[in-house]
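Have a look at the structure below before the remarks.
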There are 2 protein chains.
Amino acid sequence: MQSRTTAPRSGRPRSAAADTAILAATREALVELGWSKLTLGDVATRAGVAKTTLYRRWAGKNELVVDAVAVLFDELELPDCGTLAADVEGVVLQFAAILARPEARSGLMAVVAESIRDEALRERIHCSIVERQKRLVLEGRARAQRRGELPPETHPGQASRTVDLIFDMVAGAVIHRTLVSAQPVDEEWVQRFTAVLLGGLAAAEG
Amino acid sequence: MQSRTTAPRSGRPRSAAADTAILAATREALVELGWSKLTLGDVATRAGVAKTTLYRRWAGKNELVVDAVAVLFDELELPDCGTLAADVEGVVLQFAAILARPEARSGLMAVVAESIRDEALRERIHCSIVERQKRLVLEGRARAQRRGELPPETHPGQASRTVDLIFDMVAGAVIHRTLVSAQPVDEEWVQRFTAVLLGGLAAAEG
DNA sequence: GAGCTTTCGCTACGACTCGTAGCGTAATGC
DNA sequence: GCATTACGCTACGAGTCGTAGCGAAAGCTC
């Protein structure tokens, strides 16, 4: 969360229940009010805590919403469906399911927009959300290499850039489809997308 | 802009100079302050108009910023570089150049985030920004078909979904690379991306 | 020019949110 | 018991919002 490293040794400890209540109240307020109309005073009232308690734990609205939304990505896992294509389709559907939830839709884009002018916030998002997604790409590639569906590493530098490219293409396409085009990520779209992506990678590598 | 259809016939006409001054002031404020700290009062002062004039023309901050950012996309054009791959690379580089400008970075993501809970705003963004980009995809496909690089239409419905898919992949990847990964869209990245995209399309269609 | 219509700049206003300070109280470790 | 920290509560100045009201300015029609 905010400062898990520094462990105070004496005095009254911070209520862990308050943390979860605040984050849940934040998601609830995101659903009902959206980002712009969400106020910290309202979140405090919903959570049953004082407004000052909120400010003692989070620097502001941005940091609070990042933490509230980040837990939604805990459920992201890489399913083992037997083939690379099926694995990719499974992850994309999971990612799309998270983005379909209103608290994620309202919060994610807003904090990313804020992070453009706030380097610390960008780092926070990167650690608690982005890196967790990127790990799935790395896992999927390693698994496909073990299956023989992908060739092993050639140059470590080039492999890293390829992972970055894949990650931007997958996450970018799903986000754009969901939040900009405002159209559903259904089975058909996922299959067509996966076919283009994997077909392109095979054509580019081979 | 706001209500171009209704044309008043008598009385003092609205100052067109004020419009451009306000939009320019909005972009200037976006660069200096970013989305969250941008206030309409400040924009009015920068533009040299009264705050009430702003509210007479735009419903609020969202609509104003959409119009201010939309003009940045006027310069988007489809270059004729001879091959489909070169055309795609050219458009992607143009798109990335726009997203590299701070006024676009600060404003675009924020209004898209707001549009999630505001259908009218989403429609406004779609007409003045998204549709303009999508037109380039249609043009590029038609040109590639004339060159023989792409097969002519099979089913009109399927062709439309393919265009949607391509559009989400191109725009999504560039936006994600620029605003989430915060890494530059340079020549190398564009070439690798284009190779994967076109290779995948060829593999999926053929 | 006279008269009508609409816009413009300006001021002021209530309502709201922000983030903080101060205080007394509650909960822990030593 | 004592020091230390967290908590709830209240109050506050500062800032923004969006609107109302006014007189003046700028166009069109006759």
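Fair warning: this is a prediction, and the values are worked out from it, not measured in the lab. First the proteins, then the strands, lettered A, B, ... as listed; each starts at 1.
B/Leu40 has its CG atom 17 Å from the P atom of D/dG15, to the nearest Å. Rounded to a whole Å, the CG atom of A/Leu54 is 15 Å from the P atom of C/dT17. Taking atom NZ of residue A/Lys61 and atom C1' of nucleotide C/dC18, one finds them 11 Å apart after rounding to whole Å. Across the protein-nucleic acid pair, A/Ile22 atom CD1 and D/dA6 atom P stand 13 Å apart, rounded to whole Å. Between A/Leu64 atom CG and C/dC18 atom P the separation is 11 Å, expressed in whole Å. Nucleotide C/dC8 holds its C1' atom 9 Å from the CZ atom of B/Arg57, rounded to whole Å. As rounded to whole Å, 15 Å separates atom C1' of D/dG15 from atom CG of B/Leu38.
Counting atom types as modelled, B/Arg12 pairs a side-chain N or O with a base atom of C/dT7 as donor and acceptor under 3.5 Å. Side chain A/Arg56 to base D/dA6: no donor-acceptor pair is found below 3.5 Å. One can find a donor-acceptor pair under 3.5 Å joining the base of C/dG19 and the side-chain atoms of A/Lys51.
Counting only heavy atoms from C-beta on, A/Tyr55 has its side chain closest to C/dC18 among C/dG29, C/dC18, C/dG22. For B/Arg14, counting side-chain heavy atoms from C-beta on, the closest listed nucleotide (C/dT7, D/dC7, D/dT16) is C/dT7.
When all heavy atoms are compared, the tightest approach of B/Ile22 to B/Leu54 is CG2-CD2, 3.5 Å.
Within 4.0 Å (heavy atoms only), B/Thr52 reaches at least one base atom of the nucleic acid.
When the side-chain nitrogen and oxygen atoms of B/Ser10 are compared with OP1 and OP2 of C/dC4, none of them lie within a distance under 4.0 Å.
For the salt bridge (charged side-chain N to carboxylate O under 4.0 Å, His left out) test with B/Asp19, the passing option among B/Arg56, B/Arg14, B/Arg57 is B/Arg57; the others fail. A side-chain contact (heavy atoms from CB on, under 4.5 Å) with B/His176 holds for exactly one of B/Val174, B/Leu179, B/Val180, B/Thr178; it is B/Val180.
Residue order along DNA chain C, read from the 5' end via each residue's closest nucleotide, puts B/Gly48 first among B/Gly48 and A/Lys37. Positionally, the nearest nucleotide of DNA chain D for B/Gly41 lies more toward the 5' end than for the other of B/Gly41 and B/Pro13.
At least one donor-acceptor pair under 3.5 Å links the side chain of A/Lys61 to the backbone N or O of A/Trp35.
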Determine, stepwise, if the pair A/Glu114 / B/Ser36 fulfils side chain to side chain donor-acceptor pair (under 3.5 Å). CA-CA 7 Å; A/Glu114 289 297 310; B/Ser36 56; 3.1 Å; yes

